[in-house]
There are 2 protein chains.
Amino acid sequence: MPDTRRTRPDTRAALREHARRLFARHGYEGVSMRDIAGALGIRQSAIYNHFPSKQHLLLDLMVGHMERLLSAMRDAVPEGLPPAGQLEAFTRFHVAYHIDQPEDVFLAYMELRSLEDPGRADVIALRNQYETTLRGILGAGQASGVFQVAEPALATRAILAMLTGVTVWFRDGGPLNREQVIEAYLGMVLRGVGR
Amino acid sequence: MPDTRRTRPDTRAALREHARRLFARHGYEGVSMRDIAGALGIRQSAIYNHFPSKQHLLLDLMVGHMERLLSAMRDAVPEGLPPAGQLEAFTRFHVAYHIDQPEDVFLAYMELRSLEDPGRADVIALRNQYETTLRGILGAGQASGVFQVAEPALATRAILAMLTGVTVWFRDGGPLNREQVIEAYLGMVLRGVGR
DNA sequence: GTCTATAAAGGGATAGAC
DNA sequence: GTCTATCCCTTTATAGAC
């Protein structure tokens with residue numbers, strides 16, 4: 001049994017945490033390696049024992065976020081459900097995840113432009129998998145007549161933009177709690193597709 | 001009658017144009033004064049004849065955008081209309097303006113975090129005026145029973161986020177033209193508030 | 001694995017000639 | 001109003017001691 005009191009702190013994990021927070025708040029270009037190192041109390045050069053460059057650190061955060069998001073979404077949206085049930089599950093999941101992980105989500109949205117190829121293409125591919133899932137749900141509902149969606153591709157983007165915006169304003173302790181926010185967004189999505 | 005062929009180009013206006021484009025594409029922190037000057041074919045130091053600092057250049061772009069946006073919105077949304085008509089006018093205006101001025105809009109949304117006080121507070125106040133207009137329309141429609149909006153403040157943010165997202169994906173020459181996009185978003189907004 | 005020291009480049013801003 | 005030249009600072013990244 002390891003002595004956890006004497007375990008050296010996991011610098012790599014701490015770097016991820018502080019970089020995520022700082023990048024989300026000030027933007028990739030607005031944060032220096034010194035800023036990140038300073039948040040941990042180490043020197044800037046020590047970061048290079050854990051990540052080969054600032055770009056690689058950003059890529060690590062982006063890919064890690066997208067893989068966790070996709071995996072969690074697939075767990076939350078059962079394949080066997082009819083389209084209306086899938087849309088409800090997807091919407092609840094998306095809002096809840098964005099409330100719970102605002103920094104990851106905000107970072108992935110805002111700093112894609114700071115990510116260089118080839119990593120950028122990988123992240124876009126992962127994001128497209130996520131979007132395609134919602135697109136498929138809307139298309140299936142349209143085909144079976146339970147949704148009235150004139151333009152499924154546009155509706156996909158409209159719904160994702162609407163729901164993702166929750167990260168910009170939601171705060172714990174505000175007038176609406178987590179569950180009230182999820183229900184309010186769900187109501188707008190369902191009415192928006194004609195349910 | 002002035003000889004327009006020999007008129008010196010308006011450097012200040014050209015600086016605004018190129019800075020707007022570069023800031024929107026790479027972010028405020030990702031663009032240097034040398035980048036902006038280079039786009040015009042002048043030296044970096046010449047910028048300081050027109051703007052006292054990089055911050056002032058950003059503030060000029062932000063305030064200019066918000067004032068134009070507010071003014072155009074007030075022209076497009078007549079005060080005398082009933083709430084349903086106002087919501088339709090507001091939605092058509094917002095999508096059209098965001099399609100036509102994507103750089104201004106994207107910049108104002110993304111780079112507010114790079115703007116320092118006191119200018120930042122001014123821009124936020126202007127943005128709040130814009131949001132409050134939509135909030136008032138939804139509140140009036142709710143009060144008169146023509147809208148079913150459980151949470152007007154949330155619905156305001158949800159609608160604005162949904163519509164503003166058009167800047168991320170819309171391109172001239174794509175599968176949907178400007179008018180088709182406006183109608184599709186309008187349909188989703190009206191259904192979303194129960195019309 | 002972290003430190004000090006340093007390299008090499010780029011950042012915003014200013015001075016003064018023209 | 002734009003230029004060249006420069007100041008002073010910060011940046012990412014590397015080298016080598018411990």
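Since the model is a prediction, treat every value here as computed from it, not as a measurement. Below, chains carry the letters A, B, ... as their sequence lines are ordered, and counting in each starts from 1.
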Can you tell me if S32(B) touches the phosphate of dG10(C), counting only side-chain N or O atoms and a distance under 4.0 Å to OP1 or OP2? no

From R16(B), R20(B), R12(B), residue fulfilling salt bridge (Lys or Arg N to Asp or Glu O under 4.0 Å) relative to D60(B): R16(B)

Between C1' of dA9(C) and CG of D35(B), the distance in whole Å: 14 Å

Compare the minimum distances between each of dC3(D), dG12(C), dC3(C) and the side chain of S45(B), then state the nucleotide with the smallest one. dC3(D)

To the nearest Å, how far apart are K54(A) NZ and dT14(D) C1'? 17 Å

Whole angstrom value for the distance that separates C1' of dT11(D) from CG of L22(A): 16 Å

May I ask you to verify whether the side chain of R34(B) and the base of dG12(C) hold a donor-acceptor pair under 3.5 Å? yes

Rounded to the nearest Å, what distance is computed from the NE2 atom of residue H26(B) to the C1' atom of nucleotide dG11(C)? 17 Å

Compare the minimum distances between each of dC3(D), dG1(C), dA13(D) and the side chain of H50(A), then state the nucleotide with the smallest one. dG1(C)

Q44(B), nearest nucleotide to its side chain (from dG12(C), dA13(D), dC3(D)): dG12(C)

Can you check the M33(A) CE to dA9(C) P distance for me, whole Å? 19 Å

Mutual orientation of the aromatic rings belonging to H94(B) and Y130(B) [parallel < 30°, tilted 30-60°, perpendicular > 60°]: tilted

Between F23(B) and K54(B), is any pair of side-chain heavy atoms under 4.5 Å apart? yes

Integer-rounded Å distance: dT12(D) C1' and L57(A) CG: 13 Å

Within this structure, what is the NE2-to-C1' distance between H56(A) and dA13(D), rounded to whole angstrom? 13 Å

In one Ile/Leu/Val/Met/Phe/Trp/Tyr side-chain cluster, 4.5 Å: L154(A), Y97(B): yes

d(CZ, R43(A); P, dG1(C)) in whole Å: 19 Å

